[in-house]
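Reading through the structure tokens given below for one structure.
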Amino acid sequence: MIGSRVSHPHAVLTWLRVGLVAGACLAALTPYRAVAQIGAPIQIGPPPATGTQPEPPAFGRPPAATQPPAATAPVVPTFQRAPAAPRTRTTVDGSITIDPLQRLTVDATGTLTPALGGLSADFWTGTPGEIALRLVSLLPAAPDSRALRDLARRALLSSGAAPRDVSPEGALLQLRAERLLAMGAIDDLAVLAERIPADRVSQEMSQPLTEAAFARGEDERACDLYGQLTATATDTFWIKVAAVCDARAGRDAKVDFSARLLSELGDDDELFAALVQAATTGQTGTPFRMGGAGPVHLALARVAGLKIEPTVSEINSLPVLVALARGAANVPFAQRLEAAEKAERAGALASREVTDLYDEVSVSAGSMDAAIAAAEADPGPLSRAILWRATEAQTAPGARAQAIAKAMAMAEDDETWRQTVRLFAPFLVALDPGSDVDWFAEDAVRGLMAADQFRAARPWLERLRRLEASGTGEASAAWLRLWAAVRLAGGDPAVAFDDASVARWWAHLRSIDPQQATLRGSAALALMAALGDPVGSDAWRGLVSTPAIDIRAVPETAFAFAIRAAADSRRLGETVMLSVAAPGETPLGEIAIPALADIVRALVAIGLEPEARRLATEAALAHGL
């Protein structure tokens, strides 16, 4: 949240909102777009100019298929106030106990029902209100696991009765909105906001809704929310919102007064002060780099027509990154693409929005070798765009596989590799196995599993099995390297779990990497056991070969025991929140496998096996299996 809560006389803000004569409007600066170019025969850049300044992208509504869609026809609960909570009743003879129906409050508002992908309507059953509030507040903005992020999103958007003792009413909904904003799920939050009755939108609830509206370019909506507040809105955040709304209306004197008021209140937001000065004086100087910007900063830059060239690495607000990716404030193309990739890595932006930007990169005709050479010259977002466009242009399976393999190989780290396979997944899915791409089979299977496209990996697995049966040694080795991850991703339909298969895989693991064999073997079997595979005690004894100590991150002991207790008691909401919160934003490859196995086991216990299997597969790939 931006700003800190301070007290202030109501009269000052009243004067701020209604006083002072409007100043002259600032003339909008010429929109700026960067043009990138790489030497012949590859040329990169946004679409060429046509002689007239291109219109900025439609910003009020996101492109189609952005974040995973929220429900289009959610069940909206009916709200009513009751003087007291109903009590459990028992018949005279004591043979029948009648539990009261839970009263639906504003906290029950959601956009997902069980039929539309939400959790069951009673998912908070058994969890006290205080615990529910604490767990929602602990949810990370960008968990390393896509399985856990998607699970958190579903929980935050699900309709269902809240714990009876949540106090004050609306506190749980407010926290849900704040976490959705932190996750960059601004489209989901906008849909959720439409379901909240207007008379239940508190001042506290208004802040995340206002920030989401600014991030989506809906300045009128944000200013309407501000206008509905009473004079009790004395937070410095709302003073900044007032400045944005006044700048939008051309009231420069009031914008300047807001800046002076913030200074008197001790607000040390240097970026906002600089933006106000540029907006009121027209002296912009160098373009703003926007380090540490939030949605309100971006909104002021946009409505004042200020030039920005963001240093994306210094921006951590996911709503701002999503807004920049969608073209907010006419950000240069290179920074827009960088922001899009960063937001997608965090799960805040759909992969399709990134590849839509790739489509705006022009690539001249040339050989695949030339495209690869150009990409290698400057690794990063533009190089991935080059290879994506080059892959798109290929019709021969071998050439397409070559481009995909090069993009995967150029990934700077594990996180970037996983992003690469998500972005190139449509090409992987469309690529059929065959003799000319047998060399690519292992990479294809691994990439498709990482992109959560296991069904598309099955033809490649069948191809490897046939090659193995024919005596091809490399195919046999590839199959054994993949065996554990395939078992975790597909279960019995993909590969059988039996003593012979385990022994053969374990022998191969020791032969290729004796130093890591025990750690990786233990990781695989621990995850398999968590999913219910019959891993016997003798298997663990067989894994003990060389002394090994694995020093990795482990969630606090309280989390481990709380997850087990919640799962054993089948407290669905509590188990989900704990499972997502425990790893935080720590990379999966740095978390000890027993901790991840506990989460997998808990998700299976509450009936979320597909999610558990997806997490187990992510963990296995992150740990080198």
Side-chain angles (χ1 to χ4, degrees), residues 31-36 44-47 54 56-68 141-142 146 149 181-188 212 214-217 289-291 293-295 298 301-302 308-363 375 378-389 391-392 407 410-413 415-427 451:
Y32 175 75
R33 304 271 310 253
V35 177
I44 302 178
F59 193 66
R61 295 288 179 186
T66 56
Q67 297 178 115
R146 283 304 176 98
R149 187 189 191 279
L181 177 70
M183 293 169 67
I186 55 177
D187 300 335
D188 288 327
F214 276 147
R216 283 167 50 85
R289 301 304 179 188
M290 305 301 285
L298 187 63
R302 180 175 61 246
I308 64 173
E309 292 183 13
T311 303
V312 175
S313 62
E314 297 178 0
I315 298 175
N316 295 317
S317 167
L318 291 179
V320 170
L321 290 172
V322 171
L324 292 175
R326 292 175 177 172
N330 291 319
V331 61
F333 184 80
Q335 284 89 345
R336 185 180 175 191
L337 183 58
E338 185 181 358
E341 285 202 351
K342 186 173 180 179
E344 197 278 343
R345 281 196 299 274
L349 200 68
S351 301
R352 181 53 192 257
E353 289 200 62
V354 180
T355 57
D356 282 347
L357 288 178
Y358 286 175
D359 270 333
E360 296 188 35
V361 174
S362 59
V363 179
D378 184 22
L382 285 177
S383 70
R384 278 182 286 278
I386 294 172
L387 290 173
W388 197 91
R389 291 301 310 276
T391 304
E392 185 181 41
M410 285 178 57
E412 300 94 322
D413 50 36
E415 185 181 34
T416 308
W417 180 87
R418 284 181 285 151
Q419 178 176 53
T420 300
V421 297
R422 286 193 301 270
L423 297 175
F424 282 74
F427 300 133

Evaluate the side-chain proximity of S351 to L423: yes if any heavy-atom separation is below 4.5 Å, no if none is.
yes
Do you know the tightest heavy-atom contact between P332 and E309?
CG-CG, 3.7 Å
Euclidean distance, R422 CZ relative to T355 OG1, rounded to 0.5 Å:
12.0 Å
Side chain to side chain contact (heavy atoms under 4.5 Å, CB included) filter on A325, not counting sequence neighbours, yields A340, L349
With rounding to the nearest 0.5 angstrom, report the OG1 to CD distance, T420 to E415.
10.5 Å
Out of curiosity, R352 CZ to Y358 OH, how far, rounded to the nearest 0.5 Å?
13.0 Å
To the closest 0.5 Å, what do you measure between CZ (R418) and CG (D413)?
8.5 Å
Kindly determine whether D187 and R326 satisfy salt bridge (Lys or Arg N to Asp or Glu O under 4.0 Å), including the steps that lead there.
CA-CA 12 Å; D187 300 335; R326 292 175 177 172; 2.8 Å; yes
Might you point out which heavy atoms bring A375 and L387 nearest each other, and give the distance in Å?
CB-CG, 3.7 Å
Please report the shortest heavy-atom distance between S317 and A293, naming the atom on each side.
CB-O, 3.5 Å
Partner residues of E314 under the salt bridge (Lys or Arg N to Asp or Glu O under 4.0 Å) criterion, sequence neighbours left out:
none
Minimum heavy-atom separation for A385 to V361, with atom names?
CB-CG2, 3.9 Å
Using every non-hydrogen atom in the two residues, find where G327 and R336 come nearest and quote the distance to one decimal.
N-NE, 3.5 Å
Closest approach of L298 and A329, non-hydrogen atoms and distance?
CD1-CB, 4.4 Å
Distance-only, no hydrogens or angles: does the R389 side chain make a donor-acceptor pair with backbone N or O of D359 under 3.5 Å?
yes
Any donor-acceptor pair under 3.5 Å linking the side chain of K342 with the backbone of V312?
yes
Side chain to side chain contact (heavy atoms under 4.5 Å, CB included), that's the test. Do M290 and V331 meet it? Break it down for me.
CA-CA 11 Å; M290 305 301 285; V331 61; over 6 Å; no
Working to the nearest 0.5 angstrom, can you tell me the gap between D188 CG and M183 CE?
8.5 Å
Determine yes or no for a side-chain-to-main-chain donor-acceptor pair under 3.5 angstrom, with Q419 supplying the side chain and E341 the backbone.
yes
When rounded to the nearest 0.5 Å, the distance separating CD of Q335 from CG of L321 is 12.5 Å
